[in-house]
Protein chains: 2
Amino acid sequence: MQHDPFSPATAAIVLIGNELLSGKFRDENAAWLAGRLRTLGVDLRRIVTVPDVEADIVDEVRACADRYTHVFTSGGVGPTHDDITIDAIARAFEVPVVRDPTLEAILRAHFKERLNAAHLRMANVPAGTTLHHGGPIAWPVVRFRNVIILPGVPEIFRAKFDAISSSFQSLAFHIRNLWLNSDEGEIAGLLEEVERTFGVQIGSYPRIDHADHRVRITVEARRPAPVDAAVAALLSRLAPADVVRVDPPCADPEIDDPA
Amino acid sequence: MQHDPFSPATAAIVLIGNELLSGKFRDENAAWLAGRLRTLGVDLRRIVTVPDVEADIVDEVRACADRYTHVFTSGGVGPTHDDITIDAIARAFEVPVVRDPTLEAILRAHFKERLNAAHLRMANVPAGTTLHHGGPIAWPVVRFRNVIILPGVPEIFRAKFDAISSSFQSLAFHIRNLWLNSDEGEIAGLLEEVERTFGVQIGSYPRIDHADHRVRITVEARRPAPVDAAVAALLSRLAPADVVRVDPPCADPEIDDPA
């Protein structure tokens, strides 16, 4: 998708791997990247986990690349037979798979005389790919159009994203939390009214464990003023005894970054 | 999807909620349910997180209900204005939303004179829904055709699924792990050959942290014999010094349940 520079960028994450669906491994990459994208002001709209099945990867990457500014894939880029992400992305965009000379040179320098055909698969990319260098790991980030192709190993996933993260900076979010002892149903009408009046997004998250509150309310917007006005309106209408804690106003620079 | 009783059941999980995409909350429900479905022998094929946007929920639930035996939704069933899962599922199947008298009676008994219109929204269901009682929580599981509608609060999600989990029992999986100090690229050809020869699924998961192994290999099938034969074939071809640990044979009943 072409990105309108006056709107916040959007994103989708496509996690690729049978191991995430079988319960053998728990996702760490989407959970981590969701927080990073938030900090950068990118609006994450979708997270999908698909198996190592080419048709599933092709359909999902194509649909997400059409709808969102950025698509991040995780996994399926190693040397083994179940690593089919590159082939699937090439097929999704109907371009051939080619061997990249820069990646091949890195592999040859690393593996030397042990280099084999499986290792060399890691130098394959969809034709038209760009490479982005930076960060502590020599291997560059592989990008095809608006699809950023990241490996599944969490340490490498994080290091590679951080190396290029500044290129994704968008409009900031502002958020304040209210921790309440209210019954969620009894304040539902108030939340809806305040959301509509101030043009903010309000979330409501009940707890049934032994936390010190029964529900956490989040108030968010792209500018700080409506968030503060909406929180003031809520506090003026809630029973004071039900308010356990409230984040300080958005004017406080500490909470402009919700990381 | 109609389930062929001689094939393993398949499943998708649809997580609904802006809070999972903004990084405010980390998913616990899909990660937990993936393991439970594995134990039950259900083949989980897709996990999707969508925002509180009706069109996104409608499209995803409809597509998954067509393709998979079971669809589990998580979230968006509370009393607040952002709880739109019921409306979206009704729209996906083109049925009206109706008020269920059993659910309404539970709400009236619980909230008594404090009951309001927001609470009563929790008694709304797509017309044609069935209720499934059981477990420690009085509120029944709401099911519409092959869509099981679960709440997002993790403690309730788990208790409700466990109350009805026996109805999802399918064919078991058998799995053995090998922890190796091999280079993943150097054994890639061997893994592919053994997978093809024995009709098993082989996964390969490299580590770059300070674990005692460089790669974990998983060998899986619906029957135990091909798993054991494939593992024996791998062990006969790997350098013994590279084999850190291996799971015992599938004949051992302890590992028939990979939970």
Side-chain angles (χ1 to χ4, degrees), chain A residues 15 17-27 30-31 34-39 43-51 56 78-82 111 114 116-119 121-122 153 155-156 173 175 183-189 191-192 195 201-209 218 220 258, chain B residues 15 17-27 30-31 34-39 43-51 56 78-82 111 114 116-119 121-122 153 155-156 173 175 183-189 191-192 195 201-209 218 220 258:
Chain A
L15 305 171
N18 294 339
E19 71 278 14
L20 298 166
L21 294 166
S22 66
K24 280 187 288 193
F25 287 83
R26 181 175 173 154
D27 162 61
R36 274 289 199 279
L37 291 173
R38 189 76 179 174
T39 304
D43 194 7
L44 178 61
R45 304 296 295 276
R46 185 176 181 84
I47 304 170
V48 182
T49 307
V50 295
D56 287 11
T80 57
H81 62 284
D82 58 347
F111 288 104
R114 292 170 32 244
N116 65 22
H119 294 130
R121 288 190 68 215
M122 294 192 282
V153 177
E155 295 85 354
I156 309 181
F173 283 91
I175 179 168
D183 172 81
E184 193 188 23
E186 290 178 7
I187 62 172
L191 299 179
E192 185 174 8
E195 178 171 276
Q201 280 192 303
I202 295 188
S204 170
Y205 309 103
R207 297 281 294 257
I208 62 158
D209 56 6
T218 59
E220 293 169 87
Chain B
L15 305 171
N18 295 339
E19 70 278 15
L20 298 166
L21 294 167
S22 67
K24 280 188 288 194
F25 288 82
R26 181 175 174 155
D27 163 61
R36 275 290 201 279
L37 291 173
R38 188 77 179 172
T39 305
D43 193 8
L44 178 61
R45 304 295 295 276
R46 185 177 181 83
I47 303 170
V48 183
T49 307
V50 295
D56 287 11
T80 59
H81 61 284
D82 59 345
F111 288 104
R114 289 168 36 242
N116 64 24
H119 294 131
R121 289 190 67 214
M122 294 192 281
V153 177
E155 295 85 352
I156 310 181
F173 283 91
I175 179 169
D183 172 81
E184 193 187 23
E186 291 179 7
I187 61 172
L191 298 179
E192 185 174 8
E195 179 172 276
Q201 280 191 304
I202 296 188
S204 170
Y205 309 104
R207 297 281 293 258
I208 61 158
D209 56 4
T218 59
E220 293 170 86

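To find a chain, count down the sequence lines: A is the first, B the second, and so on, and within it residues start at 1.
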Q. Quick one: are B:Asp82 and A:Glu195 in side-chain contact, heavy atoms under 4.5 Å?
A. no
Q.
What part of B:Asp43 gets within 4.5 angstrom of chain A, counting heavy atoms only: side chain, backbone, both, or neither?
A. neither
Q) Which of the residues A:Val50, A:Thr80, A:Leu15 is involved in the greatest number of heavy-atom pairs with chain B at under 4.5 angstrom? A) A:Thr80
**Q.** Among B:Pro79, B:Gly203, B:Ala188, residue most engaged with chain A (heavy-atom pairs, under 4.5 Å)
**A.** B:Pro79
Q: Return the option, out of A:Ala118, A:Ser22, A:Gly78, with the maximum number of heavy-atom pairs under 4.5 Å with chain B.
A: A:Ser22
Q) What's the spacing between A:Arg26 CZ and B:Arg26 CZ if we round to 0.5 Å? A) 4.5 Å
Q. For the atom pair CG (B:Leu191) and NE2 (A:His81), what is the distance rounded to the nearest 0.5 Å?
A. 6.5 Å
Q.
To the closest 0.5 Å, what do you measure between NZ (B:Lys24) and CD1 (A:Ile175)?
A. 4.5 Å
Q. For the candidates A:Asp183, A:Leu37, A:Asp209, which exhibits the highest count of non-hydrogen atom pairs separated by less than 4.5 Å from chain B?
A. A:Asp183
Q: Please tell me if the side chains of B:Gln201 and A:Asn18 come closer than 4.5 Å, counting only heavy atoms from C-beta onward.
A: yes
Q.
Any heavy-atom pair between the side chains of B:Glu186 and A:His119 that's under 4.5 Å?
A. yes
(Q) Can you tell me which portion of B:Arg114 sits under 4.5 Å from chain A's heavy atoms? Options are side chain, backbone, both or neither. (A) both
Q. Which bit of A:Asp27 is near chain B, if near means a heavy-atom gap under 4.5 Å: side chain, backbone, both or neither?
A. backbone
Q.
When you compare the side chain of B:Thr49 with that of A:Arg46, does any pair of heavy atoms fall below 4.5 Å?
A. no
Q) Which atoms of B:Leu20 come close to chain A, meaning under 4.5 Å heavy atom to heavy atom: side chain ones, backbone ones, both, or neither? A) backbone
